[in-house]
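Reviewing the structure listed below.
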Amino acid sequence: MNVFTKRIAEALNLHEYKVENTLQLLEEGCTIPFISRYRKERTGGLNEVHIAQISEMNDKLKETAKRKETIIKSITEQGKMTSELEKRIEQCWDATILEDIYLPYKPKRRTRAQIAREHGLEPLASIIMLQREQHPEIIAKKYITKDVQTADEAMKGAQDIIAENISENEYSRQMLRSAFKHEAVITSKVVKAKAETEEAAKYSDYFDFSEPLRRCSSHRLLAMRRGEIDGVLRISISPDDENCIEKLKRHYTKGYSPCSSLVGEAVTDSYKRLLKPSIETEFATLSKERADEDAIKVFAENLRQLLLSAPLGQKRVMGVDPGFRTGCKIVCLDAQGNLLHHEAVFPDFCKNSDKMQTNKTDAKERVICMIKKYGIEAIAVGNGTASRETSAFIKNLDLDCNIPMFVVSEDGASVYSASKTAREEFPNEDVTVRGAVSIGRRLMDPLAELVKIDPKSIGVGQYQHDVDQTKLKKSLDLTVESCVNSVGVNLNTASKHLLTYISGLGPTLAQNIVDYRTANGAFTSRKQLLKVPRLGPSAFEQCAGFLRIPGAKNPLDNTAVHPESYKIVEQMAQDCECSVAELIKNKEKRRTINLQRYVSDTVGMPTLTDIMNELEKPGRDPREQIEEFSFDENVHTIDDLREGMTLPGIVTNITNFGAFVDIGVHHDGLVHISQLADHYISAPSQVVHLHQHVTVHVIEVDRKRNRISLSMKSLTSK
């Protein structure tokens, strides 16, 4: 059994066999989506969250094990290792305590205490620490040398040694950690020289702010830390200093002797100069890490909701990137998202040159002509500048049929349009055309298009640039991988960017699949994947179940049934005296199947149940159906807003403190968590999700700062 299994099982409250088998599968190179979907018997049905937690804890334990090896080696080389100390280190798995154990032996810069030791004052420090002598100054005279010229210097050097020893003592550090944990207050003050600057205005809430650290929410802490980095704020974290010093003195001093007084002075010095700054730094780091974790969780959940947004599907789409000065960039796409045509039009609301004025008169005719010529079935309008005006322009077109129009988020479209990916896809088009294509494709399939963009640029995060970037990237990559594999992709239409996230693939194999498809035509079966260069049996096992082939000869190739289970389905069909295709179509025949007959040593009820669910709805898309939406026609700018208005809106971002809602005025309003429901909720995600259509009340409008406060209390949402 893996040495970490028991610790992980206890920490996550899981059976040891589930953890052990999961670790074995991860060690074998299996991906989290594959394990979660196709190895339920071995893991006891663990979901992706548990598997990811097991993987993360295993990595941390490995790091701790390496650190212990380094510490043992360092202390041993110093000749200070004892069997008791080595046993303590080996049994310790708490990284903080481990560093406390190592601290007295840790090589450090030349401190005041180290200099005192070099001057031979450590014995004097030990005598003073015993607190038995009534005349320490007499004893100190024995330590006068050319480096220590007076008894006072000797006693001060001894106090430096005592102060350092106290600061490195495990009791001292744990006591102060407890005080920080329960009593510490985080305080924020404005840097006076920056108080009146425009940059400081956004941090005005924190110019003179304090609250218990344990109650400080992640968004407030990250906001303060950002202000500190910008040089606007000074942040400190502190418990009750006098109380902490008193506790330390009670522990280290004995009675009221002159030596006790010297030790008391050393305690105060140790606390102020060494111990408190060390623990404050530690808690600043820990609180930042916790805030990062909260922010990353919010970002990951928002990203998941965004990637799993309802797709329109394979329809011929017109993508419109609105604009005032440069007009509306329009692209026409076929049902596969290929660019058929593009041009710019200048409706009446466009301003500027005489050239544009001449184009205004035929803007409607040109758009109608494009719609008819390219058989447009839906229109996607970007939600940026001039979105409301463009939407009104589209709605007023004299069309023979009703073509649905959707407002689509532009976040990240400009990043994509200037990216290497966009240049590869459209080497002969400029950034405006690429951006309009991205808007149109997002309507067709948000997941397929958004995987091409750095998640941090999609606009659904909370202080995403302030958190640990390595942890953020890992979390977001796992989220994208989870979403892509939960939906599955069409093997014959998926881009290399989408294929990259499929279990077991990656950039190289994804490119090889695209190259093979280009050279040999569409895949007709999953087995053909084994002909793709460098895609061997292991990669095939990991990826095959997540790749779909609509219209394949074997209907199972368009389902989430893994090829390793085809024989089971074929046996079911044979027992029902029909073909696999008939079994999929015939619900009555499936009802006659007794799953217990197909249980074996390797296949259990979880897999069989999944197979039956897939046969019920083969290749189904787990995402919701898209719905049309319209803003209030009487509200276009923040100046149109009045307190008490009730308006329709779309949730654009979710944070720990509330949800941002687009109500069509170019500035999203905030529904604070206290205004999201009539009852108490601990997180906004309990009542709202990204891109949800909601109804809100306007409760306050701050036009100077472009801030809109909204409420959803006593209102219903779709």
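Throughout, residue positions are numbered sequentially from 1 according to the sequence presented. Since we're looking at a predicted model, the values are computed, not measured.
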Checking Glu289, Lys288, Glu282 against Thr285 for side chain to side chain contact (heavy atoms under 4.5 Å, CB included), the one that qualifies is Glu289
Would you call Glu56 and Asp59 a side-chain contact if the rule is heavy atoms closer than 4.5 Å?
-> no
Would the number of heavy atoms belonging to other residues, nucleotides or ligands and lying under 6.0 Å from CD of Gln78 be above 12?
-> yes
Using modelled atom types only, decide if a donor and an acceptor are shared between the side chain of Ser74 and the backbone of Thr70 within a distance under 3.5 Å.
-> no
Kindly determine whether His689 and Val651 satisfy side-chain contact (heavy atoms from CB on, under 4.5 Å), including the steps that lead there.
-> CA-CA 7 Å; His689 58 79; Val651 177; over 6 Å; no
So Ile75 and Ile89, side-chain contact (heavy atoms from CB on, under 4.5 Å) or not? Walk me through it.
-> CA-CA 11 Å; Ile75 298 175; Ile89 294 170; 3.9 Å; yes
If only atom types and distance count, is the side chain of Thr76 paired as donor or acceptor with the main-chain N or O of Ile72 below 3.5 Å?
-> yes
Other residues, nucleotides, ligands: >12 heavy atoms within 6.0 Å of Glu84 CD | no
Under 4.5 Å between any side-chain heavy atoms of Val190 and Tyr203, yes or no?
-> no
How many angstroms lie between atom CD1 of Ile127 and atom CD1 of Ile139, to the nearest 0.5 angstrom?
-> 5.5 Å
Please step through side-chain contact (heavy atoms from CB on, under 4.5 Å) for the pair Glu153 and Leu121, ending with a clear verdict.
-> CA-CA 10 Å; Glu153 280 187 35; Leu121 297 175; over 6 Å; no
Where the side chain of Glu137 meets the backbone of Ala151, is there a donor-acceptor pair that is under 3.5 Å apart?
-> no
Ignoring hydrogens and geometry, is there a side-chain-to-backbone donor-acceptor pair from Ser482 to Leu478 under 3.5 Å?
-> no
Assess whether atom NZ of Lys40 is packed by more than 12 heavy atoms of other residues, nucleotides or ligands within 6.0 Å.
-> yes
Taking NZ, NE, NH1 and NH2 as the nitrogens, is one of them in Lys66 or Glu69 under 4.0 Å from a carboxylate oxygen of the other?
-> no
Atom pair CD (Glu242) and CD (Glu246), whose distance is rounded to the nearest 0.5 Å | 9.0 Å
Derivation of the side-chain hydrogen bond (donor to acceptor under 3.5 Å, both in side chains) call for Ser278 and Thr281 = CA-CA 5 Å; Ser278 174; Thr281 299; over 6 Å; no
Exam field: side chain Asn653 to backbone Phe660, donor-acceptor pair closer than 3.5 Å | no
Between Ser218 (side chain) and Asp294 (backbone), is there a donor-acceptor pair under 3.5 Å?
-> no
Evaluate the criterion salt bridge (charged side-chain N to carboxylate O under 4.0 Å, His left out) for residue pair Asp477 and Lys473; output intermediate values, then yes/no.
-> CA-CA 6 Å; Asp477 284 347; Lys473 185 179 186 307; 2.7 Å; yes
How far does CG of Leu23 sit from CD of Glu20, to the nearest 0.5 angstrom?
-> 8.0 Å
Please say whether more than 12 non-hydrogen atoms of neighbouring residues, nucleotides or ligands are located less than 6.0 Å from NZ in Lys713.
-> yes
Looking at side-chain heavy atoms only, is the closest gap between Cys259 and Arg132 below 4.5 Å?
-> no
Please name the pair of heavy atoms, one in Phe299 and one in Pro455, separated by the smallest distance, quoted to 0.1 Å.
-> CZ-O, 3.3 Å
Ser36 side-chain N/O to Ile32 backbone N/O, donor-acceptor pair under 3.5 Å | no
Going from CG on Leu274 to NZ on Lys272, what distance comes out if it is rounded to the nearest 0.5 angstrom?
-> 13.0 Å
Check for a donor-acceptor pair, side chain of Lys68 on one end and backbone N or O of Glu90 on the other, with a separation under 3.5 Å.
-> yes
Intermediate values then yes/no, side-chain contact (heavy atoms from CB on, under 4.5 Å), Met129 and Tyr252 | CA-CA 8 Å; Met129 198 65 197; Tyr252 287 106; 3.6 Å; yes
Backbone N/O of Lys254 and side chain of Gln131: donor-acceptor pair under 3.5 Å = yes
Lys471/Asp292 ion pair, N-O < 4.0 Å | no
Please examine the side chains of Trp93 and Leu98, heavy atoms only from C-beta on, and report whether any two atoms are closer than 4.5 Å.
-> no
Is there a side-chain contact between Arg177 and Thr96 (heavy atoms, below 4.5 Å)?
-> yes
Nearest heavy-atom pair of Gly44 and Lys18: which atoms, and what distance?
-> O-NZ, 3.7 Å
Go through the side-chain N and O atoms of Glu301 and Gln305 and say whether any donor and acceptor fall under 3.5 Å apart.
-> yes
Please list, chain by chain and in numerical order, all residues satisfying salt bridge (Lys or Arg N to Asp or Glu O under 4.0 Å) with Glu168, sequence neighbours excluded.
-> Lys108
Nearest-0.5 Å distance that lies between atom CG in Leu221 and atom CG in Leu213 = 7.0 Å
So CD1 of Ile186 and SG of Cys216: to nearest 0.5 Å the spacing works out to 5.0 Å
Tell me, do Leu103 and Arg173 make a side-chain contact under 4.5 Å, heavy atoms counted?
-> yes
Sidechain-backbone polar pair: Ser270 side chain, Ala163 backbone, donor-acceptor under 3.5 Å = yes
Compare every heavy atom of Pro684 with every heavy atom of Leu676, then report the nearest pair and how far apart it is.
-> CD1-CB, 3.6 Å
In sequence, state the C-alpha distance, the side-chain angles, and the governing distance for Glu164 and Thr111, and then conclude on side-chain hydrogen bond (donor to acceptor under 3.5 Å, both in side chains).
-> CA-CA 9 Å; Glu164 185 170 278; Thr111 63; 2.9 Å; yes
More than 12 non-hydrogen atoms from neighbouring residues, nucleotides or ligands closer than 6.0 Å to CZ on Arg214, yes or no?
-> yes
Tell me, yes or no, whether the heavy-atom count around His251 atom NE2, taken from other residues, nucleotides or ligands under 6.0 Å, exceeds 12.
-> yes
Quick one: are Phe180 and Lys276 in side-chain contact, heavy atoms under 4.5 Å?
-> yes
How about Gln53 and Ile8: do any of their side-chain heavy atoms sit closer than 4.5 Å?
-> no
Aromatic plane relationship, His219 with Phe657 - under 30° parallel, 30 to 60° tilted, over 60° perpendicular | tilted
